[in-house]
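Worth saying up front: this structure is predicted, and the values here are computed from it rather than measured.
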Amino acid sequence: MIALLTAQGLNVELAGRAVLKDISLSLSSGHLVALVGPNGAGKTTLLRALAGLQPSDGAIHVGGEALSSLSLRERARRFAYLPQGHIVHWPLAARDIVALGRYPHGATDPARMSQKDCDAVLRAMRATDVVAFADRRVTELSGGERSRVALARVLAVEAPVILADEPTASLDPRYQLDVIKSLRAAADQGVLVIVVTHDLGLAARFADTVLVLSEGRLVAQGAPAAALSEQVMAEVFRVSVFRAEFERSAVIVPWAEI
C-alpha cells in the first residue's frame, strides 16, 4: 500500500532540548493511528511537526510531495488539525464555526459560501450530529457539544489527513465514544486519522495502528496488541495491564503500577 504521509529522520529541538529524536514513519490512507506515550514524550510536538506547524529537521512528504514545497494554504488543505481543548472564545453560531473549515478552500465569509462549501459543512455537521444546534452560539453549548462542533470544523476541511490532539480529553464516556467513532468513520472513508490519546482502551479498540513515543523516540509501532505489548507497557508506561476481548474488540486496561 502506498504511503500517504512519511517522515524520515525527524528531529525537533525546543529551548536547546531535543524533543523529537530521529522519528521515521510511513502511514497510509484509510487508517486510524493512535499516538500514545507518557506525558512529555513529544506527542503534540510530533503532530504539529507533521503538519508543518512546528519547525523540524528531516524530511516529511504528504501525497508524494515534500511538505517544505507546499504553500501554507496547500498545507491547510492537506492537513486538518484539531488542537487540545476545544476552546472557542467567539460567540458565533455553531454552523459558522464549522464553516471555518472551508477557509483553506477560499471561503472567507460563512454567509457567502459556494454550494460546494455549504454541502461540505452540512456533511460534517451530520457526521458529528450537530445539525440540531447549528444556530446556537457555540459558547452556550456543553463541553461535549463544543467538542463535536470542533470536530465538525475539522471534517469540513475534507483534508486527506486529520490530526487530532487528545480529542476525547475531559469528556464523559458517551461523548468520548461519539468523537472516536466519528474519527473512525472518517478513516473508514479513506482519510488518514492520527489521534493523540492517553486512553489506551480507546486506542486498542478503535486504532488500526499504534505509535508509542517515549522521551522523543518512537519505540514501538504496529497493531495495538503488538505495540502495547507487556514489555512496552512495563518499560514505557510503568504499569501492568488487564487484557481481554469483548465483542471482537481488544480490551486493554492499565491495572497496577510497576
Side-chain angles (χ1 to χ4, degrees), residues 4-5 29 44 47-55 60 62-63 65 67-171 175 178-183 185-187 189-196:
L4 172 63
L5 179 64
S29 302
T44 294
L47 211 65
R48 289 175 54 80
L50 290 173
L53 299 172
Q54 170 63 56
I60 300 171
V62 57
E65 296 183 82
L67 182 66
S68 58
S69 71
L70 302 178
S71 67
L72 292 178
R73 173 160 285 186
E74 186 56 36
R75 293 182 189 184
R77 290 174 180 158
R78 303 285 183 97
F79 295 93
Y81 178 60
L82 180 62
Q84 295 183 31
H86 318 300
I87 298 173
V88 178
H89 299 289
W90 314 294
L92 299 175
R95 179 189 289 106
D96 291 343
I97 294 293
V98 179
L100 293 174
R102 300 306 296 172
Y103 189 86
H105 300 276
T108 57
D109 184 352
R112 300 175 62 184
M113 292 193 300
S114 69
Q115 189 60 51
K116 180 179 179 180
D117 293 321
C118 290
D119 290 345
V121 168
L122 183 57
R123 279 193 297 272
M125 296 184 73
R126 284 175 172 167
T128 53
D129 194 23
V130 298
V131 175
F133 41 84
D135 297 319
R136 290 174 57 190
R137 292 182 178 181
V138 72
T139 49
E140 299 171 354
L141 301 178
S142 70
E145 290 167 342
R146 285 198 302 273
S147 72
R148 285 152 56 201
V149 170
L151 179 57
R153 176 192 62 78
V154 167
L155 296 179
V157 180
E158 296 190 327
V161 183
I162 290 176
L163 306 172
D165 195 353
E166 297 194 40
T168 62
S170 302
L171 298 179
Y175 285 124
D178 280 346
V179 168
I180 199 68
K181 284 183 175 180
S182 293
L183 291 169
Q189 292 167 11
V191 176
L192 169 59
V193 180
I194 306 176
V195 181
V196 170

Would you please test Ile194 and Leu50 for side-chain contact (heavy atoms from CB on, under 4.5 Å) and show each step?
-> CA-CA 10 Å; Ile194 306 176; Leu50 290 173; 4.2 Å; yes
Are there more than 12 heavy atoms of other residues, nucleotides or ligands under 6.0 Å from atom CZ of Arg137?
-> no
Would you say Val149 and Phe133 make side-chain contact, with heavy atoms under 4.5 Å?
-> yes
Is the shortest heavy-atom distance from the side chain of Leu82 to the side chain of Pro167 under 4.5 Å?
-> yes
More than 12 heavy atoms from other groups under 6.0 Å of CZ on Arg73 | yes
State whether Arg148 and Glu145 are salt-bridged, where the test is any N-O pair (Lys NZ or Arg NE/NH1/NH2 against Asp/Glu carboxylate O) under 4.0 Å.
-> no
Passing candidate, side chain to side chain contact (heavy atoms under 4.5 Å, CB included) with Arg146, options Ile97, Val130, Leu151, Val138 | Val138
Show your reasoning for whether side-chain contact (heavy atoms from CB on, under 4.5 Å) applies to Leu5 and Ile60.
-> CA-CA 7 Å; Leu5 179 64; Ile60 300 171; 4.1 Å; yes
Considering only NZ, NE, NH1 and NH2 on the basic side and carboxylate oxygens on the acidic side, decide whether Glu65 and Arg78 come within less than 4.0 Å.
-> yes
Taking the side chain as C-beta and beyond, is there a heavy-atom pair between Leu67 and Phe79 under 4.5 Å?
-> yes
Under 3.5 Å, is there a donor-acceptor pair between the side chain of Arg102 and the main chain of Ala107?
-> no
For the pair His105 (side chain) and Val157 (backbone), establish whether a donor and an acceptor sit closer than 3.5 Å, ignoring hydrogens and angles.
-> yes
